[in-house]
Amino acid sequence: MAGPDGARAAGDSPAAIAADAARLRELERRAFARPASPEQQADAAAAAAELAELRAHARAVAGGVGRATAGGHPAPGSGWGDGADSLRAGAADGPAHTGDADDADDLDDPTLGERLTDLARRGVAQARALPRRTVRVAGVAALGAGLLAASAAAVVTALTAPPPAYAVFATDPTPSGERLNLQNGDAIAWANELEARGTIVLEGPHLFGERDDQLRLGVYREWLDDERTEVCASLVYGNVSSFWTTCTSEAGFRSEGLSDRFEQEGVRIDYGWAPDGAVTLETTVLGAATIEEVRALGLPAVAAIEEVEVDPAVAREVLPWFPDVIAGPVELGREDRWRFFGAIISSDSAPWEASPRPQICLSARDDRTRADGNGIVVNCATVERFIDEGLSVQTEDGLVAQWDAENVFDAELP
């Protein structure tokens with residue numbers, strides 16, 4: 001029969017004695033383990049308390065037996081020896097001690113395990129004696145330390161883990177848009193541009209949008225040197241030919257993403273690529289988008305054009321690609337064999353514009369112009385650029401003509 005400290009009667013089997021020893025070793029292992037969590041701390045405290053209780057009970061039993069027997073020997077038929085020594089005997093699978101005087105000295109010289117157990121028991125008792133407020137403060141501090149460690153780990157992970165946006169570089173399947181292969185001619189124009197820039201592409205490029213879209217956003221990762229890589233985004237039109245590119249560091253992309261603004265010819269394009277993969281591509285017309293808005297500017301040159309009726313026949317002679325003529329053409333002057341005309345047409349000022357807008361055109365036509373259109377020189381601009389810079393053309397024989405928003409026209413040799 002086993003005692004509470006794992007000591008056994010002399011007739012117990014070796015297997016039972018070994019089981020008691022294993023139980024004590026397990027309690028010691030749990031009590032003296034280094035806890036890494038509140039749950040492990042609680043388990044260590046429980047094991048230490050149980051171990052201390054078993055030790056105390058064993059000593060109490062040992063003291064009672066010593067008083068009941070002469071010379072410290074167990075009473076006949078009691079079935080119990082010295083609790084502490086019986087435990088050590090059982091662990092060694094040897095005969096039970098009989099409580100000699102030397103064994104009493106052993107009780108005054110506890111083993112390392114016993115000393116640590118006693119230390120743990122006192123620590124548990126002291127913790128139980130602390131005021132509840134102190135315990136709560138200690139618990140909050142431990143919880144705060146754990147949260148701080150977890151936050152630090154999360155920060156390290158966020159700084160090093162690939163952001164979700166990089167999923168677009170996967171070869172199969174691609175989440176959206178179109179992944180380009182620069183090596184097999186998918187994007188010849190863009191590949192040539194990147195090669196001319198000396199760009200080393202690590203991942204990508206990937207295009208957001210459909211093939212027939214006039215404007216798309218292309219993204220890729222670029223290698224700079226052994227310590228630096230960048231994330232880049234390009235505004236792309238036509239046969240994947242880019243016209244505006246911006247880049248940021250990997251750390252900058254992870255924290256803030258990538259965004260930029262392109263503005264030209266009265267059109268603003270805001271674009272961006274976020275670490276979570278969200279894409280922004282917005283086109284805003286800042287200038288005059290309709291003929292009514294052009295008229296509202298009150299420009300003398302525009303008023304002069306609108307004084308004449310739209311003449312498709314003349315338009316075909318001076319604007320060889322047959323655009324959509326809104327007003328004119330009106331003849332502005334002659335010089336030598338050249339005639340000069342002004343007109344307002346509806347056209348895209350740039351390939352990336354979403355819809356056509358009014359443009360002002362200055363055309364020079366040689367009186368000897370053949371039917372194939374040779375001998376015609378045309379220059380067109382948005383009304384905003386026409387206001388800022390005017391329009392000019394140069395003929396094949398060097399004649400230069402200039403026309404501005406105030407309707408001042410001049411043509412002469414330089």
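Here Arg365 contributes atom CZ and Arg334 contributes atom CZ; the two are 10.0 Å apart, rounded to the nearest 0.5 Å. In this structure, the separation between SG on Cys380 and CD on Gln359 is 6.0 Å, given to the nearest 0.5 Å. Rounding to the nearest 0.5 angstrom, the gap separating the CG atom in Leu224 from the OG1 atom in Thr229 is 7.0 Å. Separation of atoms CD (Glu335) and CG (Asp397) is listed at 10.0 Å; rounding is to 0.5 Å. Remark: Ile200 CD1 to Arg221 CZ distance equals 13.0 Å, nearest 0.5 Å. Here Tyr237 contributes atom OH and Arg216 contributes atom CZ; the two are 13.5 Å apart, rounded to the nearest 0.5 Å.
Pro275 is not listed as a side-chain neighbour of Arg254, based on a closest heavy-atom distance of 4.5 Å or more. Between Ile376 and Ser363 the shortest side-chain heavy-atom distance falls below 4.5 Å. Contact of the Val377 side chain with the Gln394 side chain is not registered, since no non-hydrogen atoms from C-beta on lie closer than 4.5 Å. Residues Glu396 and Trp338 meet the side-chain proximity criterion, which asks for heavy atoms closer than 4.5 Å. Using a 4.5 Å heavy-atom cutoff, the side chains of Tyr271 and Thr246 are in contact.
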For this session: Output, in order, the C-alpha distance, side-chain angles, deciding distance and verdict of side chain to side chain contact (heavy atoms under 4.5 Å, CB included) for Leu297 and Ile387.
Result: CA-CA 10 Å; Leu297 296 174; Ile387 294 173; 4.1 Å; yes
Problem set entry | Stepwise side chain to side chain contact (heavy atoms under 4.5 Å, CB included) check, Ile345 with Ile326 | CA-CA 5 Å; Ile345 67 170; Ile326 299 176; 5.7 Å; no
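Salt bridge status for Asp366 with Arg337: present, with a side-chain N to carboxylate O gap under 4.0 Å.
Under the 30°/60° scheme for interplanar angles, the aromatic rings of His206 and Phe208 are found to stand perpendicular. Using cut-offs of 30° and 60° for the angle between ring planes, the Phe253 and Tyr166 rings count as parallel. In this pair, Phe243 and Phe262 present their aromatic rings perpendicular. The plane angle is above 60°, beyond the 30 to 60° band.
Remark: Glu309 CD is loosely packed, at most 12 non-hydrogen atoms of other residues, nucleotides or ligands lying under 6.0 Å away.
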